[in-house]
Asks: 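The structure follows.
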Protein chains: 2
Amino acid sequence: MTASRDATGRSLEDYPRPSLAVDTAVLTIKDRALCVLLVRAVDVDDATAWRLPGTFLHPGETLADAVTRSLRDKAGVTGLHPEQLHVFDDPSRDDRGWVLSVAHLEVVRADRIPATAENRLVSASEVPDLPFDHRDIIDFAVEALRRRYESTPDPSDLVDPAEPDGSFTLRELRQTHEAVAGRPLPPDTFRRTMQGSLVDTGRLSLGRRGKPATLFRRLPG
Amino acid sequence: MTASRDATGRSLEDYPRPSLAVDTAVLTIKDRALCVLLVRAVDVDDATAWRLPGTFLHPGETLADAVTRSLRDKAGVTGLHPEQLHVFDDPSRDDRGWVLSVAHLEVVRADRIPATAENRLVSASEVPDLPFDHRDIIDFAVEALRRRYESTPDPSDLVDPAEPDGSFTLRELRQTHEAVAGRPLPPDTFRRTMQGSLVDTGRLSLGRRGKPATLFRRLPG
DNA sequence: GAAATAGTGTCTTTAAGACATTATCCG
DNA sequence: CGGATAATGTCTTAAAGACACTATTTC
């Protein structure tokens, strides 16, 4: 450990520091629409009550750990794969003081989000007014998720598992991707794009109507 | 300004805060190779003396401002377009204390980097041992720059302006892209990919040898 | 003319999209 | 059988890469 002095002779402790927060856009699919999770803030009770789940970074903690902790404590969601998106750093973004926020993206199936009075799912395309820059964070997260879903079959495991073993039909997979993309996708092109990353299980879905569909699984690799 | 208390009744000021730094990979082209700028640290004089230019965030400052300030003060570079890359947050990444670093990418022509004893350009493919996680930051920056150069002609203005008006030949443009990509690029495919984003100036280069080449300019849009 | 460089033509492959057609189930 | 859904075939277009060829300059 060398002397921690800089060019002006000041030590690390002399610098004013910002508060560092994480805010997470938890995206999911509900009723075939891409939705984002809002939580009710505990310290206010007005129009700004709903916001993205977030927290301040604790000592010794990584950003991913802080995201996981905040989702568990504030929304009852056990988030598994937080992805760092961007630091929002406008000095006046939070009127409580100098707070920077590292925005994250988390993706879970809707059935893993507890339906409490403190949790609220809203359509990602019709986000209400939110405090801070939480709307910008949501837009950032939606774009990141759409890129992630462009050429890989359901990388974040959003498909509702109709089959107990987790296999799915191409129709179910496509409807999931359409919800993420926010637009219809041509079925034949979608099939050809995705089929290379899927394994034919040889089994068929118990069709409700029409021809039974082949059940696929993701490629192990 | 509402009461800034959280669920546990603590105010914002009660939270321990990390130090927040910015570190910037300044990429440039020298002798047709992609290079990164290292600066000599003022507080040490050993093998860890060379590192990426960085600084701590000052109150009221944006991250981009801190990058611009650190490049001006530490390397004499007037950086114009810092791009935020990623937050490096390993709690033990800096043995001086709890320091998170927001990594940035800056791209300038080599002639804008002063050739002082405190500045050193090294090949991005043969980076020496560096303190902290500065090597990871460089790798992150190189990947970002390569993506940026994939389908757009010289978006960061690296082409050496042989012509006073800033126009260039396709050969000059391609050699710039080859330096960024770190591999040769097929000339005919490169031409066809880029020509849609270029304007033919109608003028020809004063060729040293061979057929004079058409001079192009970037599309205004 | 020889060397060097610029620029074009053509062929193959691949992938996307549009659209039609066939296949197989349920009622 | 008729409706609904699954799956495939075919055609067009576009773009990349490989490669050969032509064009224009300097030496």
Side-chain angles (χ1 to χ4, degrees), chain A residues 32 146-155 159-163 165-219, chain B residues 32 146-154 159-163 165 167-219:
Chain A
R32 291 206 188 141
R146 286 185 175 159
R147 272 195 302 276
R148 189 192 285 184
Y149 266 69
E150 259 168 19
S151 54
T152 310
D154 192 29
V159 166
D160 199 25
E163 297 297 313
D165 67 346
S167 61
F168 46 80
T169 67
L170 272 169
R171 180 189 184 80
E172 290 162 349
L173 182 67
R174 179 167 48 84
Q175 286 174 340
T176 300
H177 279 250
E178 286 174 341
V180 169
R183 64 185 174 88
L185 300 172
D188 48 1
T189 300
F190 181 80
R191 165 186 300 270
R192 280 186 274 252
T193 307
M194 296 297 167
Q195 213 158 15
S197 308
L198 296 173
V199 184
D200 188 332
T201 65
R203 293 182 304 106
L204 299 177
S205 70
L206 302 157
R208 305 164 182 277
R209 240 178 338 191
K211 180 174 173 178
T214 307
L215 287 166
F216 291 92
R217 202 189 297 270
R218 290 183 199 78
L219 250 189
Chain B
R32 291 201 189 146
R146 286 185 177 158
R147 271 194 303 277
R148 190 192 285 185
Y149 266 69
E150 259 169 20
S151 54
T152 310
D154 193 30
V159 166
D160 199 26
E163 297 296 314
D165 67 346
S167 62
F168 46 80
T169 67
L170 271 169
R171 179 189 184 79
E172 291 163 347
L173 181 68
R174 179 166 49 83
Q175 286 173 341
T176 300
H177 280 250
E178 286 173 342
V180 169
R183 63 185 175 89
L185 299 172
D188 48 2
T189 301
F190 181 81
R191 167 187 299 272
R192 282 186 272 252
T193 308
M194 296 296 166
Q195 213 158 15
S197 309
L198 297 173
V199 183
D200 188 331
T201 65
R203 295 179 304 106
L204 298 177
S205 69
L206 303 157
R208 305 163 182 281
R209 240 178 337 190
K211 178 174 173 177
T214 307
L215 288 167
F216 292 91
R217 203 190 296 270
R218 288 183 200 77
L219 249 190

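Naming convention: chains lettered A, B, ... in sequence-line order (proteins, then strands); numbering from 1 in each chain.
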Asks: On DNA chain C, does the nearest nucleotide to A/Pro186 precede the nearest nucleotide to B/Leu204 from the 5' side, or the other way round? Give the residue.
Replies: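 Upstream on the strand: B/Leu204.
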Asks: Measure from the side-chain N and O atoms of B/His177 to the backbone N and O of B/Pro153, and report whether any donor-acceptor pair falls under 3.5 Å.
Replies: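 No, B/His177 side chain to B/Pro153 backbone: no donor-acceptor pair under 3.5 Å.
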Asks: Roughly, in whole Å, what's the span from CG in A/Leu170 to C1' in D/dA7?
Replies: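 Taking atom C1' of D/dA7 as the reference, CG of A/Leu170 is at 9 Å.
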Asks: Rounded to the nearest Å, what distance is computed from the CG atom of residue A/Asp188 to the P atom of nucleotide C/dT22?
Replies: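 Rounding to the nearest Å, CG of A/Asp188 and P of C/dT22 are 16 Å apart.
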Asks: Measure the NZ-OG distance between A/Lys211 and A/Ser205 for me, rounded to the nearest 0.5 Å.
Replies: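 One gets 11.0 Å once the value is rounded to the nearest 0.5 Å.
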Asks: Once rounded to the nearest 0.5 Å, what's the spacing between atom CG of B/Leu215 and atom CZ of B/Phe168?
Replies: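 One finds 9.5 Å between CG of B/Leu215 and CZ of B/Phe168.
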Asks: Within this structure, what is the CZ-OG distance for the pair A/Arg217 and A/Ser197, rounded to the nearest 0.5 Å?
Replies: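 The OG atom of A/Ser197 is 15.5 Å from CZ of A/Arg217, to the nearest 0.5 Å.
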Asks: Which comes earlier along DNA chain D counting from the 5' end, the contact point of A/Leu215 or that of B/Phe190, where each point is its nearest nucleotide?
Replies: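 The residue whose closest nucleotide sits nearer the 5' end is A/Leu215.
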Asks: Got a sec? Which of residues 192-201 of chain A come in under 4.0 Å of DNA chain C, heavy atoms?
Replies: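 Result for residues 192-201 of chain A: A/Arg192, A/Thr193, sorted by number.
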Asks: Please enumerate all protein N or O atoms sitting under 3.5 Å from an N or O of nucleotides 2-6 of chain D, with distances to 0.1 Å.
Replies:
unit_1, atom_1, unit_2, atom_2, d
D/dT5, OP1, A/Arg209, NH2, 3.4
D/dT5, O2, A/Lys211, N, 3.4
D/dA6, OP2, A/Arg171, NH1, 2.9

Asks: Which heavy-atom pair separates A/Leu170 from A/Phe190 by the least distance, and what is that distance?
Replies: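 It is O-CE2, 4.1 Å.
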Asks: What is the distance, to the nearest angstrom, from the CG atom on A/Leu173 to the C1' atom on D/dA7?
Replies: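 From A/Leu173 CG to D/dA7 C1': 15 Å.
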Asks: Looking at every heavy atom in both A/Glu163 and A/Arg203, which two are closest together, and how far apart are they?
Replies: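 Answer, listing the atom of A/Glu163 first, then A/Arg203: OE1-NH1, 4.1 Å.
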Asks: Among residues 175-183 of chain A, which contact DNA chain C at a heavy-atom distance under 4.0 Å?
Replies: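 Those residues: none at all.
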Asks: Is it true that A/Glu178 and A/Arg174 make a salt bridge, defined as a side-chain N closer than 4.0 Å to a carboxylate O?
Replies: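 Here A/Glu178 pairs with A/Arg174 in a salt bridge, since their nearest N and O are under 4.0 Å apart.
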Asks: Nearest 0.5 Å, please: how far is CZ in A/Arg148 from CG in A/Asp154?
Replies: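 The CZ atom of A/Arg148 is 10.5 Å from CG of A/Asp154, to the nearest 0.5 Å.
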Asks: Looking at CG of B/Leu198 and OG1 of B/Thr193, how far apart are the two atoms once the value is rounded to the nearest 0.5 Å?
Replies: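 Rounded to the nearest 0.5 Å, the CG-OG1 separation comes out at 11.0 Å.
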Asks: Could you grab the distance from atom CG of A/Leu173 to atom CZ of A/Arg218, nearest 0.5 Å is fine?
Replies: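 The distance works out to 8.0 Å.
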Asks: Considering non-hydrogen atoms only, spot the tightest contact between A/Leu204 and A/Pro212 and give its length.
Replies: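 Smallest interatomic distance, heavy atoms only, reads CB-CB, 4.1 Å.
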